[in-house]
Amino acid sequence: MHLIIGGAFSGKRDFVKSKWHDVSWISAYEGHQMLQWKEDNSSKAPLVLEGFEQWIMEDNNDAFKLRENWRIYLNELAELEREVIMIMLETGKGIVPISEKERRTRDLLGWIQQDAAALCKDVYHIWHGLAKKIK
């Protein structure tokens, strides 16, 4: 698995498109559901997942249960017989949100990103269109 992380509009998608071709793309920004990858797992094309913060915002009332569910999903993704590329939005360097729900979403995303980074073979941080391999 590969983790591509960076701020909003930092060049994450362009980096993925330059490095991997003929991919299966599942994007929360286009209305796709996160677990949609389970429906058609017959493809061997690299799988790109993006929009984790959108999927997390759908249900983040029980942070610990949600994190456990995401650990299960990440482990399932790690066991797929195809390349998995996760694009995640870095939200930890900004202003701390005022609302409790937004803080919980930011915290959950940070925890899930840590879990993903631990499982990934490599991790790239994208900033201003420049990629730096950090793992």
Side-chain angles (χ1 to χ4, degrees):
M1 282 197 316
H2 313 275
L3 174 59
I4 315 303
I5 191 165
F9 303 100
S10 61
K12 299 179 298 292
R13 275 181 163 202
D14 289 340
F15 174 75
V16 169
K17 289 177 182 177
S18 73
K19 195 163 172 61
W20 290 276
H21 306 285
D22 300 320
V23 299
S24 175
W25 205 286
I26 297 177
S27 173
Y29 309 126
E30 296 174 11
H32 300 146
Q33 298 299 310
M34 194 287 184
L35 297 179
Q36 191 170 332
W37 62 268
K38 286 186 170 190
E39 295 171 11
D40 181 20
N41 196 20
S42 61
S43 174
K44 296 297 179 194
L47 173 64
V48 177
L49 299 164
E50 72 170 345
F52 286 81
E53 74 283 355
Q54 299 294 315
W55 291 318
I56 290 167
M57 281 192 294
E58 291 174 3
D59 175 25
N60 72 359
N61 291 323
D62 185 344
F64 296 107
K65 183 176 189 241
L66 188 60
R67 184 178 184 192
E68 282 305 311
N69 289 343
W70 276 93
R71 282 182 173 158
I72 292 167
Y73 302 151
L74 291 171
N75 281 308
E76 289 175 358
L77 286 166
E79 293 175 6
L80 291 179
E81 293 184 16
R82 66 196 284 197
E83 253 184 311
V84 176
I85 302 107
M86 296 180 289
I87 301 175
M88 293 187 173
L89 178 65
E90 167 57 56
T91 59
K93 295 181 182 176
I95 297 170
V96 176
I98 292 174
S99 89
E100 182 180 346
K101 184 174 182 176
E102 288 176 345
R103 284 194 308 274
R104 190 170 39 248
T105 298
R106 184 209 51 187
D107 294 347
L108 276 166
L109 186 59
W111 292 330
I112 291 166
Q113 289 168 341
Q114 291 177 52
D115 296 337
L119 288 171
C120 285
K121 179 179 90 174
D122 51 23
V123 177
Y124 290 90
H125 183 255
I126 311 296
W127 192 252
H128 301 301
L130 301 172
K132 181 176 184 180
K133 188 172 183 175
I134 55 178
K135 177 180 177 186

| field | Approximate separation, where rounding is to 0.5 Å, of I56 CD1 and N69 CG | value | 11.5 Å
| task | Taking side-chain contact (heavy atoms from CB on, under 4.5 Å) as the test, write out the residues that go with S24, two or more places apart. | result | L47, R82
For a quick test of your reading: what N or O donor-acceptor pairs under 3.5 Å do the side chains of residues 123-135 make, sequence neighbours left out?
| residue | atom | partner | partner atom | Å |
| --- | --- | --- | --- | --- |
| K135 | NZ | A117 | O | 2.7 |
| K135 | NZ | A118 | O | 3.3 |
| K135 | NZ | C120 | O | 2.9 |

| Do I5 and V23 belong to the same hydrophobic cluster, where Ile, Leu, Val, Met, Phe, Trp and Tyr are linked whenever their side-chain heavy atoms lie under 4.5 Å apart, directly or via other members? | no
| For the residue pair M88 and I112, what are the closest heavy atoms and their distance? | CE-CG2, 4.1 Å
| Are V48 and I4 joined in one hydrophobic group, where the rule is that I, L, V, M, F, W and Y side chains link up if heavy atoms are under 4.5 Å apart? | yes
| query | Does W111 reach the side chain of W70, with side-chain heavy atoms less than 4.5 Å apart? | reply | no
| query | Quick check: does any side chain N or O of Q113 sit under 3.5 Å from a backbone N or O of L89, one acting as donor and the other as acceptor? | reply | yes
| Side-chain ion pair, E50 and K12, N-O less than 4.0 Å | no
| task | For residues V16 and W25, determine if any side-chain heavy atom of one lies less than 4.5 Å from a side-chain heavy atom of the other. | result | yes
| query | In Å and rounded to the nearest 0.5 Å, what is the CD to CG distance from Q114 to L109? | reply | 10.5 Å
| query | Are L74 and L108 in one and the same hydrophobic cluster, where Ile, Leu, Val, Met, Phe, Trp and Tyr link if side-chain heavy atoms are under 4.5 Å apart? | reply | yes
| Distance from L66 atom CG to Y73 atom OH, nearest 0.5 Å? | 8.0 Å
| field | Gap between atom CD of E53 and atom CD of E90 - 0.5 Å precision | value | 11.5 Å
| task | Can you see which heavy atom on M86 is nearest to which on L77, and at what distance? | result | SD-CD1, 4.5 Å
| query | Is I85 reachable from W37 through a run of I, L, V, M, F, W or Y residues, each pair having side-chain heavy atoms under 4.5 Å apart? | reply | no
| field | Joint cluster assignment, W20 & L80, ILVMFWY side-chain distance < 4.5 Å | value | no
| query | Looking at R71 and E68, does any basic side-chain N land under 4.0 Å from a carboxylate oxygen? | reply | yes
| query | Does E100 pair with R104 as a salt bridge, N-O distance under 4.0 Å? | reply | yes
| remark: Apart from F64 itself, its cluster of hydrophobic side chains linked below 4.5 Å comprises none
| request: Grab the two heavy atoms, one from L49 and one from F52, that are nearest each other, plus how far apart they are. | output: O-CE1, 3.5 Å
| query | Nearest heavy-atom pair of S27 and R13: which atoms, and what distance? | reply | OG-NH2, 3.8 Å
| task | Taking all heavy atoms of I26 and all of Q33, pick out the closest pair and write down the distance. | result | CG2-O, 3.6 Å
| Rounded distance (nearest 0.5 Å) linking atom CG of L35 with atom CD of E76 | 8.0 Å
| message | Could you walk me through whether V96 and R106 satisfy the side-chain contact (heavy atoms from CB on, under 4.5 Å) test, starting with their C-alpha distance in whole Å, then the side-chain angles of each, then the deciding distance to 0.1 Å, before giving a yes or no? | response | CA-CA 9 Å; V96 176; R106 184 209 51 187; 3.3 Å; yes
| task | Report yes if some heavy atom in the side chain of I87 is under 4.5 Å from a heavy atom in the side chain of F15; otherwise report no. | result | no
| Residue pair P97 / R103: nearest heavy atoms and the distance that separates them | O-CG, 3.0 Å
